[in-house]
2 protein chains.
Amino acid sequence: MTASRALRNAGDVSPLNVEKVRQAARDIGYVGNHVATSLSSQRTNLIGAVVPSTSNIVFAQVLSGIAEGIAGTGFQPVFGLTDYDAEREYETIRGMLSWRPAGLIVTGLDQPDMTRKLLAESGVPVVQIMDQDGDPIDGCVGFSQTEAGAAMARALLANGHRRFGYVGCAVDKDTRAMKRRLGFETALAEQGIELVRSLTSGMATSIETGRSLTRQFLSEGRDVDCIYFSNDDIAVGGLFHCMDNGIDVPGEILLTGFNGLDIVKALPNRIATSHTPRREIGRVAAEIILEAVHDKSQRARKVVVLEPRVDLDAERVASQD
Amino acid sequence: MTASRALRNAGDVSPLNVEKVRQAARDIGYVGNHVATSLSSQRTNLIGAVVPSTSNIVFAQVLSGIAEGIAGTGFQPVFGLTDYDAEREYETIRGMLSWRPAGLIVTGLDQPDMTRKLLAESGVPVVQIMDQDGDPIDGCVGFSQTEAGAAMARALLANGHRRFGYVGCAVDKDTRAMKRRLGFETALAEQGIELVRSLTSGMATSIETGRSLTRQFLSEGRDVDCIYFSNDDIAVGGLFHCMDNGIDVPGEILLTGFNGLDIVKALPNRIATSHTPRREIGRVAAEIILEAVHDKSQRARKVVVLEPRVDLDAERVASQD
DNA sequence: TCCGATATCGAGACCGGTATCGATACCGGT
DNA sequence: ACCGGTATCGATACCGGTCTCGATATCGGA
C-alpha cells in the first residue's frame, strides 16, 4: 500500500520512503499494471475514437486533434475503424465499451438504433463529431453538413454561377457527403435553380477517382460553369483533368471541393472549398470528454458548433511566387 | 462460472443453459468487462501502435494496414503519437506497456537505449516498422531507407541525370529521410558525383512548404537537372511551383519524391517516386504480432523486407485522358 | 505530563472476471 | 447391481492493484 501511494504521489507517505520506493521501482524496471489499476479503481485512462477510416486524411487529422486534446493528461487514445459499415461500427463500439473507457468519440450522428442504445446505456460519456444534423446522445462537436452544402451554394450563387454540376464518390456510404449535396440542392432550389447534371460513383474517394469521374462528366457536355464535388480529393482530381485538357479553371469552370485540405492552397489553379476545423473538432471532443470525467456529472452533454469557412478564393501560396 | 463459460463458448455447459445465459445477457444489455478478463487471464486483446504522427498520410495508412491485419481477430488497436520526439515516444510506450498489450508496433529502429531497454525487457512482442538499417529488438518489417535512397540515385543516374539538388523538410526530426539522403549521396559519390546544392528546413512536411522551399532553391540557380525531395509532399509542392513558373517538368528538371502517394499518379506532370508498401507493412506487422501471440514463443523474431519500388515513370492516369 | 491532532503505515476487502479442481449426475457395459 | 467414464456445474483462489479504516508514532499546547 505504501509503495502504491508513493508511486502515485498519493500523499500519506514520508518523503524518505517515497524516494526509496521510487528508486527500487527504477532498479527493477517496474512498470505499473493499468489493467489492475483500472479494475480496482473502476475507471480507465482510455478514450476511444471511432472513425470510418484513417487512410482518409480528414479522419487522420481528427485523430491527431484528439491526441492533441488528450496530450499530457495521462489518458490514452484507442481507435477503431468502421469502414463506413454499420455492423462493424457496432462491433467496434462494443469492443471498446468492454474496456470501460473514460469516454468515447464517435463519428457521425446517424447510428442505427441498436448502436445508439448501446452507447446511451453504457454509462460512458459519448461525444459525436463531424455532424450537427440530428439528435446527439450526449455531446456533439461539428457543424451541420446540410447547412455547409447550402452555404456553399449561396456563396456560389452570389458569385454569379448558375449552371451547376455535381460529382461525387462513395455515395452509398458517406452520409455526410449526401447531406451536403442535399443542402446544396435545396439552396439552389430556393433560387429556382436545379443541377444541370450529376455524376456519382460508389468508388472510394481518391484524387484519381476524381480525375476519371470528371473526365466522364465533362465528356457528356461542357454545359456547366461550376462543379460541386463531394470533397477536395475529388475536386483536385478534377482540376488535374482540366489542366491536362486545357480547360480554364476557374475561368471556364469553377471547381468546388470540401474540407479545405492543405493541398488546395498550394495548387497552381484556384479551386473553391469549405475549410473544416478537423483538428479542432477532435481536440474539442477530447476536451469535452475530459470535462465530463472530472465533473461528477459523468455526462458529456455539451454541443459545440465549429462552422466550416467557405472559401471561394483559397488564399493561395501562388501569389507569393 | 457457468455464465462465464456460456458467454465465452468455453464448453462444459449444456446447450440449454448456454441459450438461457445468452438470452439473459441480451435482456439486460450485458457487456463483458475486458479489464477484469485481462487481469484474470493475464493477457489482453490490445495491440499498441506507436507512430510519429497521424496527420502524415503515410502513417495514417500504416495504421490502416494494422487495423486491416487485426480485423476479425478480436484484437483491438491502441495508438500513440510521438510527434517525432524521443521523450514523448518513451512515455507513450511506457503508457502502453502498462496495459500489458499482446504486442507493440513501433515506428523506426533508432530508439534511444532507455526505450530499447524498456521494450526488450517488457516481455511484450515488439515489431519495429519502416526501417531495416539497424538492429531490431524482436521483429521488423520494412525496408532499408539508406538503400532506398541509393536505389533511387542509381535509377536516376541510369536515366542520364547528373546535376542533382536536394530539398528536404523536418531534417532534424525525420531520421528516415536523413538515411535516404545519406544513401542517395553515397550512391552518387560512387560515380564521383556530388550534390550541386541542397536546401533543408526544419519546418514540418507539407505541400506548401515544398512549394516555397523549391522557389527558394531555384531562385539560387537553375543549375540542376533533377531534385531529390525528402518525400512526395515536398515534391508535389515543388511541381506546383514549377507549373506556375513555366518550368518544364520533367523536361528541364525531374522532380523526385518518396512514398508513391496516390496523388503522384494523378498529377498533370510526371514526377518520380519510390512506392512504399505502407499499408502492407502495417498489415504484416500485425500478423507477426498475432503469430507470436498464438505461438508459445511469445517473441516476434521475424524480419520481413518489403522493398519500395522505384518509379521514374509513375504510370499515370494522365495517359487515359 | 497528558491530550487531541496530524503524519505515516499496512491489514483486509474488493474490483469482475477466469483457472482449477472437486462434486454430482448420468450413462453404458459387464 | 456395480463400476469407470463423461457431462455439467459451482466453490475457491487468484490476477495486481486501490480503498477504507484502524493502528501507531510524533508533536505542540495546556
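In what follows, chains carry the letters A, B, and so on, assigned in the order in which the sequence lines appear, proteins first and then strands, with residues in each chain numbered from 1. Keep in mind that what you see is a predicted model, and the values were worked out from it rather than measured.
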For the pair made of CZ in A:Arg100 and C1' in C:dG17, what is the distance, rounded to whole Å? 11 Å

Roughly, in whole Å, what's the span from CG in A:Asp12 to C1' in D:dC19? 12 Å

Using whole Å, what does the distance between atom C1' of nucleotide D:dG16 and atom CG of B:Leu97 come to? 16 Å

Quick one: B:Met1 CE to D:dG10 P, roughly how many Å, whole number? 11 Å

Has the side chain of A:Thr37 got a donor or acceptor atom sitting under 3.5 Å from an opposite partner on the base of D:dG17? no

Phosphate OP1/OP2 of C:dA19: any B:Arg43 side-chain N/O under 4.0 Å: yes

Under 3.5 Å on both distances, the Watson-Crick or G-U partner of C:dT30: D:dA1

Could you tell me if A:Gln111 and A:Gln128 have a donor-acceptor pair between their side chains, going purely by distance under 3.5 Å? yes

Between B:Asp110 and B:Arg116, does any side-chain N to carboxylate O distance fall below 4.0 Å? no

From D:dG17, C:dC9, D:dT8, pick the nucleotide closest to the side chain of B:Ser14? D:dT8

Find the distance A:Glu19:CD to C:dT8:P and express it as a whole number of Å. 15 Å

Want to settle it: does A:Pro15 or A:Ala36 sit nearer the 5' end of DNA chain C, counting the closest nucleotide to each? A:Pro15

C:dG16 phosphate, OP1 or OP2, under 4.0 Å from A:Gln42 side-chain N/O: yes

Find the distance B:His34:NE2 to D:dC15:C1' and express it as a whole number of Å. 16 Å

Give the ring-plane orientation class for B:Phe79 versus A:Phe79, where under 30° counts as parallel, over 60° as perpendicular and anything between as tilted. perpendicular

Rounded to the nearest 0.5 Å, how far does CD of A:Gln145 lie from CZ of A:Arg180? 5.0 Å

To the nearest Å, give me how far apart NZ (A:Lys20) and P (C:dT8) are. 14 Å

B:Tyr30 vs C:dG17: side-chain N/O to OP1/OP2 distance below 4.0 Å: yes

Please check the phosphate of C:dC15 (OP1 and OP2 only) for any side-chain N or O of A:Ser38 closer than 4.0 Å. no

Donor-acceptor pair present, B:Arg5 side chain and D:dG10 base, under 3.5 Å: yes

Please confirm whether the shortest side-chain N or O distance from A:Ser41 to OP1 or OP2 of D:dC19 is below 4.0 Å. no

Per B:Thr2 side chain, nearest of listed nucleotides D:dG10, C:dG17, C:dC15: D:dG10

For the pair made of CG in A:Asn33 and P in C:dG17, what is the distance, rounded to whole Å? 17 Å

Validation row: A:Leu63, A:Pro77 side chains within 4.5 angstrom (heavy atoms): no

